[in-house]
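Count residues from 1 along the sequence. For the numbers below, each heavy atom of this structure counts, side chains included, while hydrogens, waters and symmetry mates do not. Remember, it's 1-based here, ligands and their atoms both numbered in the order they're listed. Small disclaimer: the values here were computed from a predicted structure and weren't measured.
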Amino acid sequence: MQQARGEPQDFDRVLTSMCTEPHPRAREAAERFLATNPGDPGTYESVTEMEATAVEMLGTVAGLEDPAGYITSGGTEANIQAIRIARNRAETDDPNVVAPTSAHFSFRKAAEVLGVELRSGPVTDHRADVEAMTELVDTDTVAVVGVAGSTEYGAVDPIPALAELATDADALCHVDAAWGGFYLPFADYDWQFEHADIDTMTIDPHKVGQAAIPAGGLLARETALFDELAIDTPYLESATQVTLTGTRSGAGVASAVAAMEALWPAGYSDAYDRAMDNARWVADALESRGHEVFGPELPLVAADLSVPMTDELRERGWRVSKTGAGELRIVCMPHVTRSMLRSFVADLDWY
Ligand SMILES: *Cc1c(COP(=O)(O)O)cnc(C)c1O
């Protein structure tokens with residue numbers, strides 16, 4: 001079951017990844033735009049126009065008219081930039097960000113790089129505990145973070161309540177929907193810009209959006225928020241730059257547009273339905289074998305399988321991973337089929 005050297009990982013047994021096979025049109029678009037750089041918009045004009053289209057489409061997915069934003073290298077950059085906006089906008093010399101412990105580790109990078117204190121509030125059933133987070137907020141709080149589709153459990157925080165908490169503190173509300181953003185439009189949660197007074201959002205085409213890597217997304221309700229990031233760019237045609245990286249992947253931008261044009265909304269809706277059916281099926285299969293299961297809230301299942309068992313599964317070629325608490329975690333991405341899951345469960349029964 002070892003992958004041949006020099007060959008990319010195939011997806012036959014990948015149950016851990018938050019990424020998936022790009023849609024064929026996304027793959028083709030990425031190749032065509034490989035040698036373009038949206039970091040230099042004066043020179044690479046057509047990919048720059050495509051980036052505007054990508055942001056517009058991401059806004060549609062996330063319930064935001066006239067969005068500001070750009071295609072990042074991934075969710076990590078988008079989260080760092082959102083926290084940077086919040087820090088730069090605030091007046092304090094001692095900024096802090098309040099997030100649930102379920103927030104992605106990229107916020108720890110953001111805190112370290114930006115010199116911001118990260119205050120982590122407890123979760124209940126893997127969702128942010130708003131009351132506990134309220135206790136952590138003070139006059140130096142620059143952002144309140146909510147997660148819409150957590151990396152470990154697929155849990156969705158109570159975003160409207162977190163947005164209110166942010167507003168009361170005169171802080172920004174940032175929602176991290178890096179993984180969940182392309183499943184959530186078809187699920188029943190309040191998570192996006194029309195549901196709450198959210199300021200910024202991370203939503204990644206290169207995960208459930210089925211674009212080629214690298215294509216993350218950062219959206220903001222107000223263009224002015226990006227002014228907080230503007231840096232002068234003396235040798236380029238354009239006067240300022242708000243992105244974190246300089247030279248950027250036009251392949252990611254073009255593939256994000258191609259994927260969204262091919263799949264929004266019907267293709268993504270079908271992918272959600274299939275993934276959710278599969279997640280329910282595997283949750284039932286695990287429960288009926290006596291395992292305790294969390295989810296699926298979104299197409300992600302965590303179960304209390306023993307750690308040695310997950311190591312043996314890895315030896316059989318299954319790419320599975322564990323949560324911080326040691327549970328087996330199965331991410332039902334678009335490439336995960338029912339027959340894959342059947343053969344996975346059959347391997348489990350073999351032990
Ligand atoms: C994957 C993920 C990230 C990080 O995104 P990258 O594209 O890996 O940088 C951030 N937040 C959440 C919720 C994620 O699932």
Partners passing ring-ring contact (aromatic ring centres under 6.0 Å, His included) against W264 (at least two apart in sequence or in another chain)
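For W264, the residues satisfying ring-ring contact (aromatic ring centres under 6.0 Å, His included) (neighbours in sequence not counted) are F186.
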Regarding D347 and R342, does a basic nitrogen lie under 4.0 Å from an acidic carboxylate oxygen?
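The answer is no: the pair does not qualify as a salt bridge.
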What side chain to side chain donor-acceptor pair (under 3.5 Å) pairs are there with at least one residue in residues 203-221, not counting sequence neighbours?
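Residue pairs passing side chain to side chain donor-acceptor pair (under 3.5 Å), neighbours aside: none found.
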What residue pairs, at least two apart or across chains, pass salt bridge (Lys or Arg N to Asp or Glu O under 4.0 Å) with a residue in residues 77-99?
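Pairs touching residues 77-99 that pass the test: R89-D170.
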Determine the minimum heavy-atom distance between S255 and G252, stating which atoms define it.
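So the minimum-distance heavy-atom pair works out to OG-O, 3.3 Å.
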Step by step, work out the side chain to side chain donor-acceptor pair (under 3.5 Å) result for H174 and T202.
CA-CA 8 Å; H174 175 65; T202 294; 3.2 Å; yes
At a 4.0 angstrom heavy-atom cut-off, what protein residues surround ligand 1?
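Lining ligand 1 at under 4.0 Å, by heavy atoms, one finds M18, G74, G75, T76, N79, H104, S106, G149, T151, D176, A178, W179, D204, H206, K207.
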